[in-house]
There are 2 protein chains.
Amino acid sequence: MSPRRVTLADVAKAAGVSRPTASLVLSGRGRELRISQDVEQRVLRAAEELQYRPNIVSVGLRTGTSRTIGFVSDTVATSRLAGDMIKGALEAARERGFMLFIGETEGDAELERLLLQAMHDRQVDGLILASMFTRTIKVPKGITAAPAVLLNALPKQPTPLPAVIPDEVEAGRRAARVLLDAGHRDGIYLIGAGPRLRDVPAQSVAAVERLVGIREALREAGVKVAGARTCPDWQPEYGLTATRDLLRTAQPRALICFNDRIAMGAYQALDDFGLKVPADVSIVSFDDHPIASWMRPKLTTVALPHYELGRKAVDVLFTEIDRFTEADRDRPDPDRAGEVHRVPMPVRGRESVSPSPA
Amino acid sequence: MSPRRVTLADVAKAAGVSRPTASLVLSGRGRELRISQDVEQRVLRAAEELQYRPNIVSVGLRTGTSRTIGFVSDTVATSRLAGDMIKGALEAARERGFMLFIGETEGDAELERLLLQAMHDRQVDGLILASMFTRTIKVPKGITAAPAVLLNALPKQPTPLPAVIPDEVEAGRRAARVLLDAGHRDGIYLIGAGPRLRDVPAQSVAAVERLVGIREALREAGVKVAGARTCPDWQPEYGLTATRDLLRTAQPRALICFNDRIAMGAYQALDDFGLKVPADVSIVSFDDHPIASWMRPKLTTVALPHYELGRKAVDVLFTEIDRFTEADRDRPDPDRAGEVHRVPMPVRGRESVSPSPA
DNA sequence: ATCGGGCGCTAACCCGATTTAGCAATGGAA
DNA sequence: TTCCATTGCTAAATCGGGTTAGCGCCCGAT
């Protein structure tokens, strides 16, 4: 079919030396092993002319590596969000000459087991365990056979695995400050969660942390939350009903929506009541979902940094891989908890917040 | 670190036979080579007890395969769409015990070259070349070294590569029929492209084919397109301005928007003019973007079957792989054009179309 | 002339599987 | 008893590269 691949043996023959000699030169160890300049040049020329590329499968067999990392997530496809995480991971990996295996578990533990097995069968050098929304996950046991990193997830049980998550608490503070900076001090309502810390959807790390940050920033400014409506699921329809419910009894000046889809519902509810964003009610939200910039007026929101999360996960994974390979020297206690890396969430200031008339 | 993997040698030793014997039994060729029942049982038991799994890297070196296919796209992350294609491909591949390498080119030819190289270095068994929106692409040369399939793309030059694309022409017919079936015969306008076949954005296969289908179905019903507005880019803002422009001079009864984002803009424009969907104006659209079911009223749209496209691409790829392996026998002329597989686009009937009052 | 030693390279083995060729043991026929 | 088939397994080579031990050679010193 294709003209057979050029192998090391071909290069060696073309250069008139033995296979090991060619190998030594090409792996850069020629100098320390005193290969002559002449031979070195011949080998390099031959490799160049033949367009030699080492077969990674073969190298993998010998060295036990594959220059590949596995990206295992619960769901890739459901959201654009995932795509950006993968994209960040992809680029960071590529910069190091690594490829990405993709796998989805759909939350199925058995599938996850099989997937991890399949990846180990292929000798992946490391694993990224990703969740599509920030939450705590049950870390599959046996995962510590290879370096691994949690992405957008925290371990349910204590594990030595490092984790990379968005800095949701700070995001909460930032959302609150957007309103404070615009002069809002009264009539600030929450849509999606709160006002108490226990008024959050189950399992959602984001809800708790955003709420903590919001309350903290408001408290520091001496401002009180005027009220809140929870949503069983953070979808537009619940945002709509929650906001309608609120508008029947209150006159909010500003809403902090717990995500953009809720904000979308809130827009509709406000429209139903003849209220204008941001003239009558300012809105700030979270996620920076694509719709945020399609909504009219464009939604001011605190962005989930998916791309950066993906990149960061790969960075952290590579330091883990390094730790593994140097493991003979410094082997710290395996019971230590994994470090948690928080990636900042930037504010995307758009059109849905206006200065408080007060 | 991890307890060393169980190898074939371990199984053989535990069963008290040689390595090749164990291999023969496990590969199912024991029967034809007359391995005794006793030995067969011993080997199978040993493999079971030791939880033996063959190292795919090693098998790969021997057989030149990797039980892996490469998924190369221009952009994975930009849209949810991509995610579903990948998901479909992922599941279809997994059912056959294959994994997916993911790569993005960002439209950069040099990057694409490197990526394909990296995949070949890893001995992928086949390649899927995907585009995030349906269009014609320049097929990188040298691609024919391995089985390959175009996904959501058609080759610019004639190649023997098969292609998998959505059936946009039929989708156009279906969209038109949705309106016809609801009794609409007058005041049907197009937003996004048309009315002439040359009034389409460059490079967009979807625009042309949807338009062809729409015109065909309407013509068959003896109905004329009342008018059209093109959009330079299929984004909400252009849908908004195009529809506003239309409403200044016309009184449409129905709109066929060329995608959901345009429809989103159209909703806003209609709202600005105090027109109700679907009471005053029915709307049918294309893509079934997530927002289509968030919009109020929910948008009736002809869905891009991304998941099925991904699955289909893998199916087609596997028949290609089979052709390659049997290539000695039947080798058809390499200049034949690749088959084009069209995946049907289903109508998602929702709330944006109502019977014509006429 | 012999020995020691550094230099420059290669023989040989390894990774974990598959595959081909062929060897011992057994049984039956001549 | 000898020869041949068949049965049931294994030795050895192979894939493509990495790694270690050590072989010749030439030089200078004794």
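All chains are named by letter (A, B, ...) in the order of the sequence lines, taking the proteins before the strands, and each is independently numbered beginning at 1. Computed from heavy atoms alone, side chains included, the values below leave out hydrogens, waters and symmetry copies.
Minimum atom distance to the side chain of Arg62(B) is reached by dG16(C), of the listed dT19(D), dC9(C), dG16(C). Proximity note for Val17(A) (side chain, C-beta onward) versus dA17(C), dG18(D), dT10(C): the nearest is dT10(C). Comparing dG16(C), dT19(C), dT10(C) against the side chain of Leu24(A) picks out dT10(C) as the nearest. The Val39(A) side chain lies nearest to dC9(C) when the options are dC9(C), dT19(C), dC9(D). Listed nucleotides dT18(C), dC9(C), dG16(D) differ in distance to Thr63(B); the shortest reach to its side chain belongs to dT18(C). Distances from the side chain of Tyr52(B) to the nucleotides dA17(C), dC9(D), dG18(D) place dA17(C) closest. For Thr21(B), the listed nucleotide lying nearest its side chain is dC9(D); candidates were dC9(D), dA12(D), dT19(D). Nearest nucleotide to the Ser23(B) side chain, out of dG18(D), dT19(C), dG17(D): dT19(C).
Here the options are Leu151(A), Leu150(A), Val164(A), the test is side chain to side chain contact (heavy atoms under 4.5 Å, CB included), and the partner is His341(A); only Val164(A) passes.
Judged by distance alone, with hydrogens and angles left aside, Arg19(A) brings a side-chain donor or acceptor within reach of the base of dG17(D), the pair sitting under 3.5 Å.
Distance NZ (Lys13(B)) to C1' (dG16(C)): 15 Å, rounded to an integer number of Å. Counting to the nearest Å, the P atom of dG17(D) and the CZ atom of Arg5(A) are 7 Å from each other. In this structure, CZ of Arg29(A) is placed 15 Å from C1' of dG8(C), rounded to the nearest angstrom. Distance CZ (Arg122(B)) to C1' (dC15(D)): 18 Å, rounded to an integer number of Å. In this structure, CG of Leu8(A) is placed 7 Å from P of dG18(D), rounded to the nearest angstrom. Counting to the nearest Å, the P atom of dT19(D) and the CG atom of Leu26(A) are 13 Å from each other. Rounded to an integer number of Å, the gap from CZ of Arg42(A) to C1' of dT10(C) is 14 Å. Protein atom CG of Asn55(B) is 14 Å distant from nucleotide atom C1' of dC14(C), rounded to whole Å.
When the side-chain nitrogen and oxygen atoms of Ser18(B) are compared with OP1 and OP2 of dT10(D), one or more of them lie within a distance under 4.0 Å. Contact between the side-chain N/O atoms of Ser36(B) and the OP1/OP2 oxygens of dC9(D) is found at a separation under 4.0 Å.
Rounded to the nearest 0.5 Å, atoms CG (Asp121(B)) and CZ (Arg5(A)) are 4.5 Å apart.
As judged by a 4.0 angstrom heavy-atom cut-off over every strand, Pro54(B) is placed among residues touching the sugar-phosphate backbone only. Base contact: Leu61(B) has a heavy atom under 4.0 Å from a base atom.
Summarising the local packing, CD of Glu95(B) is surrounded by more than 12 heavy atoms from other residues, nucleotides or ligands at distances under 6.0 Å. Around the CD atom of Gln157(B), the shell of radius 6.0 Å holds more than 12 heavy atoms that belong to other residues, nucleotides or ligands.
In this model, a donor atom of one side chain and an acceptor atom of the other lie less than 3.5 Å apart for Ser131(B) and Asp74(B).
Of the residues near DNA chain D, Pro20(B) and Gln37(B), the one whose nearest nucleotide (by heavy atom distance) lies more toward the 5' end is Gln37(B). Heavy-atom distances to DNA chain C give each of Asp38(A) and Ser27(B) a nearest nucleotide, and the one nearer the 5′ end belongs to Asp38(A).
By the 30° and 60° cut-offs, the orientation of the rings of Phe101(B) relative to Phe101(A) is parallel.
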